[in-house]
Amino acid sequence: MKPSAILEHILYWTKKIIPRRLFTALQPIYHYLLSFLGALIYRFPSQKLTVIAITGTKGKTSVAELTNAIFEEAGYKTALSSTLRFKIAERSENNMRKMTLPGRFFLQKFLRQAVTAGCTHAIIEITSEAAKQYRHTFLSLDALIFTNITPEHIESHGSYEKYLAAKLSIAESLARSSKKKTIIVANADDTEGQKFLAVPAKEKRPYSLSDARPYAVSEHGISLTFHGAHIVSPLRGEFNIANILAAATCAEAFGIPIDMIARGITKCAVIRGRMEEIREGQNFAVYVDYAHTPESLQKAYAALSPAKLVCVLGGTGGGRDRWKRARMGEIAEKHCSHIILTDEDPYDEDPMQIISDIRGGIKNKSMEVILDRRNAIRRALTLAKSGDAVIITGKGTDPYIMGPNNTRTPWNDAEVARKELRARLNLAHK
């Protein structure tokens, strides 16, 4: 048995034997120890790579994909760890773990494999939950990109202030990095952006939507200006201009020429589960998006204006962030012509309670409740007329619907939408 497996076995039984209350109190030490052992076993691989971390409430995955596309266009061999996928050089696999940055030595092992494969750069999404569990500790960062922050995971962290502190701890790890050149890239339009820029780093690179002017948003994509260069992208929505600026600003800080940055951005034509368009020959648009906060839902709906929207809305996962459910209902009422409320990830909470909480924000518009998510998607596609847009939010590329006692039902919003569209079109042709 490998040393890492032996240590995991020991830690697992230690967790089982120690009384729950005592283990909870010792959790910070437990997680810190795991991080240290992981780095030790895999011989501190981040020292051999240029490591770019990305954090924020929204946009992390899109910025990770854009950053990766730019560095690949510049000729670098990259590794990428994100909510969407795990990629080492040419090999890529979907992230099926229901967590952005897995623990249990995952990150250090991943980075060691990247070194072995000859990668020079690693791009890593780091969440507040991962930071809370010290998964970023003993990671030598070269750069950190901060996208934005809005209230989320409040139940887990205890308060917005603690959530913010978890994010800032990632910036503080950059300040402690042993790397010669450390870079922090931060969204200056965000209310907390200056706190990230205040953390010591060799270079500080703020970015703002004003940097992209003149820019344009249309149903065909977006165009913007970056340091005098005209950049075109097929991605939708003003929020993706901010995501592009984050990736471009980071790349420029590493000396990548503007023309390469522009080509890399243009080549990043689709980000799965992020305003992903599903086309099967229908005469209306269908999009799958991960939007799971009020702000991201608002931006996703706004990106499809002025189309008439048929919205499949699941709200939030069970047992968490209950405060935002009614707000998401309000946003759906404002933007959607037809609302279908459905299941998402109820865990141990009654799905109808989640839906009831969302309905609390919908005052003056009729809606349908279809608990079965496939049937909800089928219904939305049936309702859509020529020129409309169906938008299915909440799960993006999440591979499971999470139910009671941690049960998992395999799931893929995009694939379900494709199959239902094909079935609908086949019926129409008979």
Side-chain angles (χ1 to χ4, degrees), residues 4 8 11 27-28 30-39 41-42 44-46 49-68 78-88 92-115 119 121-149 152-153 156-157 162-174 177 246 250 271-274 290 292 317 320 345 396-400 402:
S4 58
E8 284 211 40
L11 289 166
Q27 265 191 327
Y30 168 77
H31 289 300
Y32 189 87
L33 179 62
L34 280 178
S35 293
F36 172 71
L37 289 174
I41 289 167
Y42 293 104
F44 298 90
S46 61
L49 295 160
T50 297
V51 182
I52 301 168
I54 302 166
T55 198
T57 305
K58 303 182 297 294
K60 295 186 297 295
T61 299
S62 296
V63 172
E65 289 292 333
L66 287 159
T67 303
N68 178 73
T78 64
L80 172 64
S81 171
S82 73
T83 306
L84 184 60
R85 61 181 178 139
F86 304 122
K87 168 195 170 295
I88 295 176
S92 178
E93 63 182 55
N94 293 340
N95 182 348
M96 302 292 287
R97 296 171 178 249
K98 280 292 290 184
M99 60 178 69
T100 296
L101 184 60
R104 301 282 182 180
F105 312 143
F106 172 88
L107 180 58
Q108 299 295 343
K109 181 180 180 181
F110 173 83
L111 293 176
R112 175 49 61 186
Q113 290 173 334
V115 171
C119 294
H121 291 67
I123 300 153
I124 302 167
E125 276 189 60
I126 303 180
T127 62
S128 61
E129 200 66 26
K132 178 183 171 185
Q133 297 183 0
Y134 298 99
R135 293 176 198 167
H136 66 301
T137 312
F138 306 106
L139 182 65
S140 294
L141 298 178
D142 293 82
L144 173 67
I145 301 173
F146 165 69
T147 60
N148 51 63
I149 193 163
E152 194 180 28
H153 304 307
S156 174
H157 289 277
K162 290 180 180 178
Y163 172 56
L164 173 60
K167 296 285 191 187
L168 283 168
S169 72
I170 305 167
E172 289 158 2
S173 71
L174 174 72
S177 175
C250 178
I271 301 172
R272 289 190 300 111
R274 273 66 180 172
Y290 186 51
H292 61 285
R320 69 183 98 169
D345 287 312
T397 55
D398 271 4
Y400 306 105
M402 303 299 293

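Between Ile170 and Ala131 the shortest heavy-atom distance is CG1-CB, 3.8 Å. In terms of heavy-atom proximity, Ala53 sits nearest to Ile126 at CB-CD1, 3.7 Å. Ala171 and Leu144 make their closest contact through CA-CD2, 3.5 Å (heavy atoms, listed as atom of the first residue, atom of the second, distance). The shortest heavy-atom contact between Thr147 and Gly56 is OG1-CA, 3.3 Å. Taking every heavy atom of both residues into account, Ala143 and Leu174 meet most closely at N-CD1, 3.8 Å. Across Tyr163 and Thr57, no two heavy atoms sit closer than the pair OH-OG1, 2.8 Å.
Put simply, the side chain of Phe110 reaches to within 4.5 Å of the side chain of Ile88, judged on heavy atoms. Between Asp398 and Tyr290 the shortest side-chain heavy-atom distance falls below 4.5 Å. Counting only heavy atoms from C-beta outward, the side chains of Leu49 and Cys119 approach each other to under 4.5 Å. A heavy-atom distance below 4.5 Å is found between the side chains of Val51 and Leu141. You'll find the side chain of Leu111 reaches within 4.5 Å of the side chain of Ile124, heavy atoms only. Contact check for Leu37 versus Phe105: side-chain heavy atoms found under the 4.5 Å cut-off.
In this structure, Ser82 OG and Lys87 NZ are separated by 11.0 Å, a value rounded to the nearest 0.5 Å. To the nearest 0.5 Å, atom NE2 of residue His121 and atom CG of residue Asn68 are 11.0 Å apart. Atom-to-atom distance recorded for Thr137:OG1 and Gln108:CD is 9.5 Å, nearest 0.5 angstrom.
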**Item:** Verdict with reasoning, Thr50 to Asp142, per side chain to side chain donor-acceptor pair (under 3.5 Å)
**Value:** CA-CA 6 Å; Thr50 297; Asp142 293 82; 4.5 Å; no
**Request:** Would you check, one step at a time, whether the test side chain to side chain contact (heavy atoms under 4.5 Å, CB included) holds for Gln113 with Tyr42?
**Result:** CA-CA 9 Å; Gln113 290 173 334; Tyr42 293 104; over 6 Å; no
**Message:** Using side chain to side chain contact (heavy atoms under 4.5 Å, CB included), reason through Asn94 and Arg272 one step at a time and then give a plain yes or no.
**Reply:** CA-CA 10 Å; Asn94 293 340; Arg272 289 190 300 111; 2.7 Å; yes
**Item:** side chain to side chain contact (heavy atoms under 4.5 Å, CB included) assessment of Leu80 paired with Thr78
**Value:** CA-CA 7 Å; Leu80 172 64; Thr78 64; 5.6 Å; no
**Message:** What verdict does the side chain to side chain contact (heavy atoms under 4.5 Å, CB included) test give for Gln133 and Leu101, after you've listed the backbone C-alpha separation in whole Å, the side-chain angles of each residue and the deciding distance to 0.1 Å?
**Reply:** CA-CA 11 Å; Gln133 297 183 0; Leu101 184 60; over 6 Å; no
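Under the 4.0 Å criterion applied to side-chain N and carboxylate O atoms, Glu65 and Arg85 are assigned as salt-bridge partners.
Ring geometry for Phe106 versus Phe86: interplanar angle of 30 to 60°, hence tilted.
For the side chain to side chain donor-acceptor pair (under 3.5 Å) test with Thr83, the passing option among Lys60, Glu125, Arg274, Lys98 is Glu125; the others fail.
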